[in-house]
Amino acid sequence: MAKVYKPSQNEQLRQQYRVNRQIRVPEVRVVGDNIESTVMPTRDALQMAERMQLDLVEISPNAAPPVCRITDYSKFIYQQKRRQKELKAKQVKVEVKEIRFGPQTDEHDYEFKLKHAKSFLSDGDKVKAYVFFRGRSILFKEQGEVLLLRFANDLEEYGKVEQMPVLEGKRMIIFIAPKKMPIKKEKEEVVSPNSEIATENEVVAPSAPTKKAPQQKSKKEYKGPFVEGEDF
């Protein structure tokens, strides 16, 4: 089997942008660092880029006229590659988790799968729940629809229905997308009235004034002649 050639990211970017003599339109709008946006013939724009020892890169071919930037082409490709990498890193990957029911699912099994669905939605994943009908159980498709609608209702706090129950072959499927959960605020610390800080609605009872103990005068040292029987 012949190996299919897949161009690298650099090659894909180079094929995406026309540069210098590849630009064949009669006139372009020129932009760039320290360059005032101006419409001019393409040959004049190429000459300007050559004088600055830079390249003329077509960045907006569908504009009228097309917009070209005078820049270093290799540097331009590097910046585009880095930008794509940053955008890819910011993309949130959403996985689809499948949960299977039978038309006669018992309550214990239902609660077990409901718990898992809550966990999936809380983690930001979609839930694809379906009832599988085997053989003559397809006669109970209304019962399967009721089961899936109950399932969606029980997950209302965690997700929203993206697609109502639909019968596809032997499966009746419902899609539930995660709902953004509100961020829970941390409980305010309860502060006793005797502490230095009180909550906004809490009134601190004024403390009773404390009586200062009378200060005792320190005895002065007597430096005169000592007389027996007298206490100074």
Side-chain angles (χ1 to χ4, degrees), residues 1-99 116-129 152 155-164 166 168 173-186:
M1 184 176 178
K3 190 175 181 180
V4 179
Y5 173 73
K6 186 178 180 180
S8 64
Q9 187 178 3
N10 277 352
E11 290 174 330
Q12 290 176 358
L13 286 170
R14 290 181 184 276
Q15 292 171 7
Q16 186 177 348
Y17 299 98
R18 290 186 292 186
V19 60
N20 296 331
R21 302 295 172 183
Q22 295 175 351
I23 304 170
R24 301 178 185 274
V25 292
E27 64 178 13
V28 294
R29 178 177 293 278
V30 178
V31 297
D33 297 335
N34 301 321
I35 297 175
E36 186 177 353
S37 176
T38 310
V39 177
M40 63 175 66
T42 303
R43 62 176 181 274
D44 294 346
L46 285 168
Q47 291 174 1
M48 180 186 293
E50 288 174 0
R51 287 196 301 270
M52 299 174 69
Q53 296 183 345
L54 295 171
D55 302 294
L56 187 68
V57 183
E58 187 181 52
I59 59 173
S60 184
N62 296 325
V67 180
C68 295
R69 174 176 287 276
I70 293 180
T71 184
D72 185 317
Y73 184 53
S74 298
K75 184 179 178 181
F76 174 80
I77 292 296
Y78 170 76
Q79 290 174 341
Q80 295 302 311
K81 183 179 177 181
R82 187 177 64 179
R83 191 171 300 161
Q84 287 186 3
K85 192 174 181 180
E86 290 174 353
L87 289 173
K88 188 176 180 181
K90 289 179 182 178
Q91 290 177 348
V92 179
K93 187 178 180 181
V94 179
E95 294 185 10
V96 179
K97 303 290 187 178
E98 291 191 356
I99 294 181
H116 277 281
K118 289 178 179 179
S119 176
F120 295 148
L121 292 169
S122 298
D123 291 340
D125 297 324
K126 287 186 180 181
V127 171
K128 175 185 177 182
L155 292 171
E156 188 177 6
E157 184 182 348
Y158 298 86
K160 54 186 177 181
V161 176
E162 199 173 57
Q163 176 187 298
M164 295 298 286
V166 175
E168 297 181 0
I173 303 169
I174 190 171
F175 280 93
I176 303 173
K179 185 185 289 186
K180 291 183 179 179
M181 301 293 290
I183 300 172
K184 294 183 179 179
K185 294 182 179 180
E186 294 183 3

So, using side-chain contact (heavy atoms from CB on, under 4.5 Å) as the criterion, who are the partners of V19 when residues are at least two apart? Q22, D55, V57, Y73

Can you name the closest pair of heavy atoms from P178 and G124 and give their distance? CG-O, 3.5 Å

Walk me through whether L121 and V127 qualify under side chain to side chain contact (heavy atoms under 4.5 Å, CB included). CA-CA 7 Å; L121 292 169; V127 171; 3.8 Å; yes

With rounding to the nearest 0.5 Å, note down the distance linking CD1 in I77 to CD in Q16. 8.0 Å

CD1 (I59) and OG1 (T71) are apart, to the nearest 0.5 Å, by 9.5 Å

Who are the side-chain contact (heavy atoms from CB on, under 4.5 Å) partners of R21, not counting sequence neighbours? L46, E50

Ignoring hydrogens, what is the shortest heavy-atom contact between P61 and P66? Give both atom names and the distance. O-CG, 3.8 Å

Between CD1 of I99 and CD1 of I174, what distance do you get to the nearest 0.5 Å? 11.5 Å

Can you name the closest pair of heavy atoms from D44 and M40 and give their distance? C-SD, 3.9 Å

Taking only residues two or more places apart in sequence or in another chain, which ones pass side chain to side chain donor-acceptor pair (under 3.5 Å) with R69? none

Side chain K160, main chain I176, donor-acceptor under 3.5 Å: no

Going by the rule side chain to side chain donor-acceptor pair (under 3.5 Å), which residues pair with E95 if we only count those two or more places apart in sequence or in a different chain? K97

Gap separating the SG atom of C68 from the CD1 atom of I23, nearest 0.5 angstrom: 4.0 Å

Please list, one pair per line, the donor and acceptor atoms closer than 3.5 Å that link side chains of residues 27-35 to other protein atoms, with sequence neighbours excluded.
from : atom 1 : to  : atom 2 : distance (Å)
R29  : NH1    : S37 : OG     : 3.2

Within the supplied structure, the quantity of interest is the number of heavy atoms (other residues, nucleotides, ligands) at a distance under 6.0 Å from E156 CD; does it exceed 12? no

Under 3.5 Å: donor-acceptor pair, side chain of T38, backbone of E36: yes

Minimum heavy-atom separation for P65 and V39, please, with both atom names. CG-CG1, 4.0 Å

Is there any side-chain hydrogen bond (donor to acceptor under 3.5 Å, both in side chains) pair reaching into residues 58-67, and which pairs are they, with sequence neighbours excluded? R18-E58

Could you state the interatomic distance from CD (Q79) to CZ (R82), rounded to the nearest 0.5 Å? 6.5 Å

Any residue meeting side-chain contact (heavy atoms from CB on, under 4.5 Å) with R51, in chain and number order, not counting sequence neighbours: Q47, M48

Would you find a donor on one side and an acceptor on the other, under 3.5 Å apart, between the side chain of D72 and the backbone of S74? yes

With sequence neighbours excluded, residues passing side-chain contact (heavy atoms from CB on, under 4.5 Å) with E162: K126, F175, A177

Can you sort out the partners of F76 under ring pair (Phe, Tyr, Trp, His ring centres under 6.0 Å), two or more places apart, ordered by chain and number? Y17

